[in-house]
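Letters A, B, ... are given to chains in the order of the sequence lines, protein chains preceding strands, and every chain is numbered from 1.
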Amino acid sequence: MTRASRQRIRISGGRVIDPANGIDDTLDIYIAKGKLVAIGTAPDGFSADQEIDATNRIVCPGLVDISAHLREPGLEHKTTIATETRAAASGGITTLCCPPDTRPVIDTPAVAELIRLRAEAAGMARVVTLGALTRELGGEQLSEMAALRRAGCVGMSNAGRPVTSTLVLRRAMEYAATFDLTVFLTANDHSLANNGCAHEGRVATRLGLPGIPEAAETAAVARDLALIEQTGVRAHFCRLTSGRAARMVARAQFDGTPVTADVAIPYLYLSEIDIGDFDSQCHLIPPLRTVEDRQQLRDALQRGNLSAICSDHQPHEPDAKSGPYPSTEPGASGLDTLLPLSLRLAEEQRMGLPELIDRLTRGPANILGVPAGTLSVGARADVCIFDPQRTWVVDSNTLVSNCHNTPFYGWEMQGRVTHTLLGGRLVYTSI
Amino acid sequence: MSASNLQIDSKGHLRHFLSISGLSRQLITEILDTAESFAGVTEQTVKKVPLLRGKTIVNLFFEASTRTRTTFELAAKRLSADVLNINLTQSSTTKGETLLDTLRNLEAMHVDMFVVRHADSGAAHFIARSVAPHISVINAGDGRHSHPTQAMLDIFTIRRVKGPDFGRLRVAIVGDILHSRVARSQIHALNLLNTGEVRIVAPRTLIPTHAEELGAHIYHDLRTGIKDADVIIMLRLQRERMQGALLPSEHEYYELFGLTEEKLAVAAPDVTVMHPGPINRGVEMDSEVADGPRSVILEQVTHGIAVRMAVMSMAMRRKEGATQ
């Protein structure tokens, strides 16, 4: 896919964490022809063209982000594949999954191929795509899933747009299962959400914001779980926001239902309270819920019921966030802060680093079914090296994404990527 | 930035008037006292004072209004300000110009104050954060969030009728609390003045979640809710609520929550009945009640002018002080 490097690289002295292989040790890593050729002991006759000193740093697989809107094609005034894959590289992310709600939507092989070609031309990160579950994401007609799969789509999704008809959703799941495709679901009952813009709770009541009840998520999860059980499709819930929905998924997993789920990083740190006096940077859909939900999401992440953390990268130009709260566009830019915010959980949730890195590498790679997220010998050398002690402040000087719409603006982060390798090629080095 | 910082300058004076929440009891009382001094003005033959001579006030209404806009206009004129009325319906703003562009254009005309009504909750806060520092913003209603001058004129009316001791009052607010910016502001203001008991009365479909945390007791039965009440505030029921499956019919609503002379008998003998208008006669209340001796609905309208004069002059007075 992305052009591999001919260079032979040794990454020495770092703490290597590779959850896929149960490795957490100070080891050297050897890379040649774009692949990992050895861990620990150098292969016979290996001489490095380049040496990366990773002393006091952590070496882990390049991160895999299940949900990143790159805005190309269609909304290039916000960001492009080139600008955002550059941000991904600087954040240690080597594989990104792009939802199908581009313009035009990814319901034809041509759009999927366009994205792949643009990403290859940029050469900063691997970009995989989800195909539209229904034509034009309209929720009525099935898309040409077999063709989309041939064009490289790793799964099918309706990208947050409603599939109102339960029958259509059932058929879409069955059809996807025919081709062994995972269906990515956004659990939101649009009728219950009723054009709301904040969690239906204390804050929405005080501010008079139209509320989205928790049941908009749980009712959708319940319906979707029933159909997953009926059809046997492999399914994934994107960005759960409520503790109750996470428990429903956990129960289904316990029962053996083939279902996984992820959480987006803002929901692990923010709650409805952060909306304050109408802070549009906290206008997210689905909405930030209660502090109790936030804790329950963290617990579900720790237990592994939520097996991936994603950035839910939704970059917006300043105008899109400038207006009365309900009229602003929902979503936050997230590639820059995915790793350091995740690392905070080590302290705040007492999660081990290997566990955390698992949710950023092996976990999402398994959900997407892509050969990434591991430092296995023979795997593509997608590597992230970071300094866990280095602190930095989120501001316009440090953000690499073309859009700076983050609710974490001004926060101090600990943990900074120093090197990112993509197929054995250095795509990012910090000074 | 919190609402209190936004509304109040470093000396504790009113800078913008966006919501009751974030204001002190002292400031609320000052508004009421100032309004009292203006109430005399509006009853004189020459109804003008020169306080805001040379100032330009823009009524910027993104949502239709007759009563509120008119009383703001009258209030501004009685303070000798120049008034510009701009009605920007949703359709004209969707033609492309952003709210921020609209504001910048008006700022370029050297205006001193925006009186804003908008369908989005938080619009007044957004505008107050966005305008040039010399401009004051008065919220004339934003979405379901706040309508602070309406709440102040209601409080002013209650104080005139019942006296300044709110601690002995039971106040019941009846109707569509969920969609009501008026109710939210009233509940805040009544609690700020330590009102004995604030009640809200409505079916569950019209009461927002966690409403008790706004500072009110919840009732679903009208007779229990208004029992021994000293003040009853009836809210307007928008006709479109019937379409949203919030209520089965106007008929059933009137049956259960409409205020009639007969139901009023359970309230305190000297109960005062209020309504922010416009009234749906035969839906929220009977004409007999609306026009009856306990109703102060038209006084509310009159007081609206004095209260708005008070708020406008106080927000401008701050600036006079700042430039000296």
Side-chain angles (χ1 to χ4, degrees), chain A residues 77 189-218 242 244 271-283 287 289-293 316-330 407 409-410, chain B residues 1-7 18-22 62 90 93-94 98-104 116 118-130 139 141-147 177-185 187-188 200 207-216 244-246:
Chain A
H77 66 285
D189 183 315
H190 284 250
S191 156
L192 278 173
N194 199 19
N195 297 315
C197 61
H199 170 64
E200 185 180 302
R202 294 174 173 85
V203 173
T205 291
R206 179 170 60 81
L207 297 178
L209 291 171
I212 300 175
E214 181 197 60
E217 180 166 276
T218 52
S242 70
R244 204 181 296 270
S271 73
E272 54 176 349
I273 294 166
D274 292 283
I275 294 171
D277 278 311
F278 306 102
D279 180 0
S280 64
Q281 299 298 354
C282 291
H283 182 191
R289 299 203 186 270
T290 66
V291 282
E292 292 79 20
D293 285 307
H316 287 298
E317 74 284 16
D319 279 352
K321 284 289 187 186
S322 175
Y325 181 100
S327 297
T328 56
E329 289 186 51
Y409 202 92
Chain B
M1 198 189 296
S2 79
S4 56
N5 292 344
L6 202 56
Q7 294 193 91
L18 309 175
S19 65
I20 303 288
S21 100
F62 295 88
Q90 230 44 359
T93 48
T94 50
T98 67
L99 176 53
L100 217 46
D101 284 335
T102 308
L103 292 175
R104 294 280 170 268
V116 186
H118 197 286
D120 280 342
S121 299
H125 280 77
F126 170 73
I127 291 169
R129 279 194 199 102
S130 311
N139 186 1
D142 63 323
R144 307 174 185 179
H145 172 236
S146 183
H147 192 353
I177 312 290
L178 178 64
H179 299 92
S180 178
R181 53 193 172 211
V182 175
R184 280 178 179 74
S185 292
I187 295 168
H188 274 302
I200 51 182
I207 291 186
T209 174
H210 298 94
E212 66 286 353
E213 290 181 24
L214 296 172
L246 289 157

Report task. Please name the residue in the list B/Ser146, B/Ser21, B/Ser19 that meets the side-chain hydrogen bond (donor to acceptor under 3.5 Å, both in side chains) test with B/Ser185. Result -> B/Ser146
Report summary line: Note: B/Arg129 and A/Asp277 closest approach over all heavy atoms is NH2-O, 2.6 Å
Query - Toward chain B: residues of residues 190-199 of chain A with heavy atoms under 4.5 Å - result: none
Requested in this report: With sequence neighbours left out, write down each residue that passes side-chain contact (heavy atoms from CB on, under 4.5 Å) with A/Asp274, or none if nothing qualifies.
Outcome: A/Leu270, A/Ser271, A/Cys282
Report summary line: So, the part of A/Pro213 with a heavy atom under 4.5 Å from chain B: the answer is neither
Query raised in the report: Which bit of B/Arg184 comes within less than 4.5 Å of chain A, counting heavy atoms only: side chain, backbone, both or neither?
Result: side chain
Query raised in the report: Side chains of A/Lys321 and A/His283: closer than 4.5 Å at any heavy-atom pair?
Result: yes
Query raised in the report: With chain B, which of A/Gly276, A/Gly211, A/Pro210 has the greatest number of heavy-atom pairs at distances under 4.5 Å?
Result: A/Pro210
Report task. Report the residues that fulfil side chain to side chain donor-acceptor pair (under 3.5 Å) with A/Glu292, sequence neighbours left out, ordered by chain and then residue number. Result -> A/Thr290
Query raised in the report: Which word best sums up how the rings of B/His118 and B/Phe62 line up, parallel for under 30°, tilted for 30 to 60°, or perpendicular for over 60°?
Result: tilted
Report task. Mind checking side chain to side chain donor-acceptor pair (under 3.5 Å) for A/Ser242 and listing every partner two or more places apart, or none if nothing turns up? Result -> A/Glu217
